[in-house]
Amino acid sequence: MPDSKFDVIVIGAGITGLTAAKLAAQSGLATANIEALLFGGLVININELDGEPHGSGTELASNLMMEVSDLGVANIAETVTALAREGDLLSVATDAGRHRARAVIIASGAQLRRLGIPGEAEFEHKGVSQCADCDGPMYKDEDVVVVGGGDSALQEALVLANFCKRVHLVHRGTKYRARQHLIDAVAARNNIYPVWNTVATRVRVRNVLDGATTEIPCTGLFAYIGLEPRCEFAPPEIQRDANGGLMTDASLRTAMTGVYAAGAVRAGYGGLLTHAVAEGDAAARALTAHLRG
Ligand code: NAP
């Protein structure tokens, strides 16, 4: 679909982007949703959602995707490379062409951060993974290492504990930043072993306080050390925070007129599924009001 024109382009088809596209289409706006990867975003890696709604991430995303398609949203499978103003319109350049719209919602999400240690890239899918639900069964009755101390690390350690003999939960500090119910669930498992004050350096780990290194024999390494916003295409006039998240005002407007940012790509995003939905919804409402003057 090279060079097409819409009222609204939503960049990203994760839960935030799909929610925004759905609402924009329901408001009668000609809407396109551009996504380079599979729809659904990071949530499709979760077999059992933590809280409401129940079920798997794939089910949630598929249902939303069907609603969006039924509403006539154009689903465009391309990679966005640039965003610029072009007269009264905004121009979204992709690897396959150019699309224009009166307004844009950036909901391109985030990707899991990498450790950046030797062997991580070389052993990807051969021992190094970032999807416990997908790869956990391959490590049945074996030892694995999970790195991180946030919701992701603890949630995924709990998934791995269902398959593995031992899950070594390597955290660089002495306090998890995960929510309490996950901390309690981890404490209740007798095959999850916390390794505090420690960072991974080849699954040879180093204590950050005394520098002592130890090797943890294991067959799998799962790193969950936070998220990196995916927004290389956004122009510099949209400011970023220290983590690279796009800055907005309370109405999710960026500094570029007609451009909104929502979900994991946004600075200050809350991180829960409820936030993903609420932000998609709020951005679409603000944009609809903007287009209607
Ligand atoms: P996060 O909350 O940013 O936590 C990252 C963890 O990794 C922190 O414990 C951090 O340590 C550690 N870390 C960062 N860089 C490191 C490094 N280079 N080496 C070792 N450790 C490092 O990331 P997240 O857990 O992926 O969560 C991201 C967002 O998604 C959060 O808002 C979270 O609530 C949300 N989330 C929600 C759910 C859910 O709803 N069930 C599930 C997963 C994630 P320090 O603590 O020392 O900084």
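Computed from a predicted structure; not experimentally measured. In each ligand, atom 1 is the first atom listed, and ligand 1 is the first ligand listed.
- Of the N and O atoms on the side chains of Arg113 and Asn243, at least one donor lies less than 3.5 Å from an acceptor on the other residue.
- Under a 4.0 Å N-O distance rule, the pair Glu228/Arg114 does not qualify as a salt bridge.
- Of all the heavy atoms of Asp50, the ones lying under 4.0 Å from any atom of ligand 1 belong exclusively to the side chain.
- Looking at atom 23 (O) of ligand 1, its nearest protein heavy atom turns out to be Gly226 CA, 3.2 Å.
- Nearest protein heavy-atom neighbour of atom 29 (C) of ligand 1: Leu227 CD1, 4.0 Å.
- Atom 18 (N) of ligand 1 has its closest protein heavy atom at Ile225 CD1, 3.8 Å.
- Looking at His99 and Glu78, their side chains do bring a donor and an acceptor atom within 3.5 Å of each other.
- With a 4.0 Å heavy-atom cut-off, ligand 1 is reached by no atom of Lys175.
- Numbered from 1 in the order shown, with element, the atoms of ligand 1 that lie under 4.0 Å from a heavy atom of Gly270 read 32 (O).
- Using a 4.0 Å cutoff on heavy atoms, Gly116 does not count as a contact of ligand 1.
- Within a 6.0 Å radius of CD in Glu124, more than 12 heavy atoms belonging to other residues, nucleotides or ligands are found.
- Residue contacts with ligand 1 include His171, since one of its heavy atoms falls under 4.0 Å from the ligand.
- The single protein non-hydrogen atom nearest to atom 34 (O) of ligand 1 is Asp151 OD2, 2.5 Å, given as residue, atom name and distance.
- Between His275 and Tyr269, the two ring planes are perpendicular [angle over 60°; tilted spans 30° to 60°].
- For Leu182, no heavy-atom contact with ligand 1 is shorter than 4.0 Å.
- With atom 43 (C) of ligand 1 as the reference point, the heavy atom nearest to it among Ala276, Gly51, Ser152 is part of Ser152.
- Nearest non-hydrogen protein atom to atom 15 (N) of ligand 1 is Arg172 NH1, 3.5 Å.
- The backbone N or O of Thr31 lies less than 3.5 Å from no partner atom in the side chain of Asp7, so there is not a single donor-acceptor pair.
- In this structure, the side chain of Thr81 does not engage the main chain of Asp95 through any donor-acceptor pair within 3.5 Å.
- The pair Asp50-Arg179 meets the salt-bridge criterion, with a side-chain N (NZ, NE, NH1 or NH2) lying under 4.0 Å from an Asp/Glu carboxylate O.
- Listed by first and then second residue, the salt bridge (Lys or Arg N to Asp or Glu O under 4.0 Å) pairs involving residues 248-274 are Asp249-Arg253, Arg266-Glu279 (not counting sequence neighbours).
- Residue Gln155 has at least one heavy-atom neighbour below 4.0 Å for each of these atoms of ligand 1: 39 (C), 41 (N), 42 (C).
- For atom 9 (O) of ligand 1, the closest heavy atom belonging to the protein is Gly149 N, 3.1 Å.
- Every ring pair (Phe, Tyr, Trp, His ring centres under 6.0 Å) that Phe222 has, sequence neighbours left out, goes to Tyr139.
- Distance from atom 31 (C) of ligand 1 to its nearest protein heavy atom, with residue and atom name: Gly271 CA, 4.2 Å.
- For the pair Leu272 and ligand 1, the shortest N or O to N or O distance does not fall below 3.5 Å.
- Checked for salt-bridge contact, Lys165 and Asp141 miss the test: no charged N lies under 4.0 Å from a carboxylate O.
- The nearest protein atom to atom 8 (C) of ligand 1, hydrogens excluded, is given as Arg177 NE, 3.6 Å; this is a heavy-atom distance.
- Residue Tyr224 touches ligand 1 through its backbone alone, judged by heavy-atom distances below 4.0 Å.
- A heavy-atom separation below 4.0 Å is not found between Gly173 and ligand 1.
- Put simply, the side chain of Arg285 never gets that close to the backbone of Ser251: no donor and acceptor are under 3.5 Å apart.
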